[in-house]
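What you see below is based on every heavy atom in this structure, not just the backbone, and it leaves out hydrogens, waters and symmetry mates. Everything numeric here is computed off the predicted structure, so don't read it as measured data.
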Amino acid sequence: MFSTSLQIPNYSNRVKTCLSLLLTCASSKQKLKQIHAFSIKNGVPITDPIMGKHLIFTIVSLSAPMYYAHNIFSQIQHPINIFTWNTMIRGYAESDNPAPAIELHHQMIMSVVEPDTHTYPFLLKACAKLMAVAVGEKIHCVAVRSGYESLVFVQNGLVNFYASCGRAESAHKLFEEMFERNLVTWNSVINGFAINGRPNEALTLFREMGVEGVEPDGFTLVSLLTACSELGALALGRRAHVYMFKVGLDGNVHAGNALIDMYAKCGSIWEAYRVFDEMESRSVVSWTSLIVGLAVNGFGKEALDLFCELERKGLVPSEITFVGVLYACSHCGMVDKGFGYFRRMTEEYGIVPKIEHYGCLVDLLGRAGLVLEAHEFVLNMPLKPNAVVWRTLLGACMIHGHLTLGETIRSKLLQIEPKHSGDYVLLSNLYASERRWSDVQKVRKKMLREGVKKTPGHSLVELRNCVHEFVMGDKSHPQSKEIYEMLDEVMNRLKLEGYVPSTTNVLADIEEEEKEKALSYHSEKIAIAFALINTPPKTPIRVVKNLRVCSDCHLAIKLMAKVLDREIIVRDRSRFHHFKDGHCSCGDFW
């Protein structure tokens, strides 16, 4: 502590004293304000460029509110040096509101202050957080003209910017052209692929990183685990977990959260629970990750029990936590409980519902067969329904056979997202289920005319640290002959157990025998046959599918689990199905 009544005669000495005091202010925002008051009392105003510069630097370093720094910045006498401009841009770029960083850059140019090597990384960080692609591209051009593009920390900023804005290819192109790379560079490009739905590329780069002798850190492993989650690559995720433990990263909360998410998305929910139990400190994100993980794996009761425990510990659930809770109710058919939690969210926690919360309730009603009630709910929502909400309702119409309402909802979706292939497919499926083949052809002809392409279904299986991908009727795999022999053998065994193919899922006007053949070649069945010939008996089989599992595959895989004495875990686009002893964790509510 120091005395604010201390008087120092010489101005230069007073400035030096204030600067020395600021150096002692490493972690205390309260002490910062005392030093500020001391400087004013001793006649060292914040308008002094040197005092203002160091005071702003200390504010930003302590992550103090940026309005405090801006107030001082606006009073500093001109000319303001580049260090102070950069500090302000950095402060905003690292804050929750990075937009003023861009405006400050414009002011700096208007003040005829030339950016330096430190300006661009901070600016690009702000652009990345704002997803401001056009602004970031202009800054890239200016950096090139200024001759700064070749500097590694400017290049790192560019790689991170393009990756964060969904331009993984642009990020990778820059990465490939770099002569000098460091750990930050590798992390940025790996994360870019991982968060932009390109997990295979992320894993390939991670392997290249190891070959080049670059040691990963916590950020690398979080990106790696994200990629493993997308692919369902459980074995590789486990190896990453072991590595984290060896290098002492197992205590990192962010890494722990990524592990929970990875295990949950790979269908190994009890391993996720074990990671959660072993965490020394947990954030609300940790609780939320496990709640959502339990819900999508079909353990709704356990998810809600965990939410109750969160409340007992006095933690405050976030809006995302409630998305997880409503998701649990939706996927387990708990209609009354779902609406009860929705009311508690608003009344007890003061959380204003977002479109995601309303979407969960529409899904909850739709899955429970209350399609007309779901439609009424959508019409009376205080928020304007988006395409996802209408599409959820259209899916419910498909499942429960509400053709007329489905046509009405499709017309709504045409106004919002006219090129979305899934909507055409759902309506086509609705017509086909009613055997209205001429209407099916009209929908598909319109898809061709509008250039709308259906997303092809595929299934992934991990084997010996390699992810194998299969599509319907796939014969490109080196083991195709053995796979189809195994598939035929399995389907014959199922028929002996009473399996009858559900041919209503083959939505085309063809003969029954052709329909049965088409069903047997669905990608998830091929993936399971591949796993059967390559793994020992009783080994669990894990499959990741990009589309929803059809009712015939669901029925067939239930019987496979019983007849073959295997646990089969299938992750489709909406949830997990844990098949064991002829039963599924979804309770056939998929």
What closest approach, in Å, do T321 and I291 show between heavy atoms, and which atom pair accounts for it? CG2-CD1, 4.0 Å
Can you see whether [X] engages [Y] through a side-chain donor-acceptor pair at a distance of less than 3.5 angstrom?
X: R566; Y: T535; result: yes
X: Y120; Y: H140; result: no
X: D261; Y: S289; result: no
X: D336; Y: Y341; result: no

Restricting to side-chain contact (heavy atoms from CB on, under 4.5 Å), what partner residues turn up for [X], sequence neighbours left out?
X: D488; value: none
X: D217; value: L183, N187, F219, T220
X: N191; value: I195, S223
X: E94; value: R90, K125

So, the side chain of S95 versus the backbone of Y92: is there a donor-acceptor pair under 3.5 Å, distance only? yes
Side chain R571, main chain H577, donor-acceptor under 3.5 Å: no
Which residues pass the ring pair (Phe, Tyr, Trp, His ring centres under 6.0 Å) test with [X], not counting sequence neighbours?
X: F153; result: none
X: H477; result: H468, F470, F530
X: H458; result: none
X: F322; result: F307, Y349

For residues 307-335, the salt bridge (charged side-chain N to carboxylate O under 4.0 Å, His left out) pairs (sequence neighbours left out) are E311-R344, E319-K354
Provide the full list of salt bridge (charged side-chain N to carboxylate O under 4.0 Å, His left out) pairs with a residue in residues 467-485, sequence neighbours left out, each pair given once. K481-E485
Just do the ring-ring contact (aromatic ring centres under 6.0 Å, His included) check on Y263 and Y273 with the steps written out, would you? CA-CA 9 Å; Y263 281 124; Y273 219 126; over 10 Å; no
Side-chain donor-acceptor distances from residues 167-174 under 3.5 Å, at least two apart:
unit_1 : atom_1 : unit_2 : atom_2 : d
R167   : NH1    : E137   : OE2    : 3.2
R167   : NH2    : E137   : OE2    : 2.9
E169   : OE2    : R198   : NH1    : 3.3
E169   : OE2    : R198   : NH2    : 2.5

Mind checking the CG-CZ spacing from L205 to F175? Nearest 0.5 Å is all I need. 5.5 Å
Do K525 and D552 sit within salt-bridge range, that is, some charged N less than 4.0 Å from a carboxylate O? yes
List the atom pairs, with distances to 0.1 Å, where a side-chain N or O of residues 229-236 and a protein N or O form a donor-acceptor pair under 3.5 Å, not counting sequence neighbours.
unit_1 : atom_1 : unit_2 : atom_2 : d
S229   : OG     : L225   : O      : 2.8

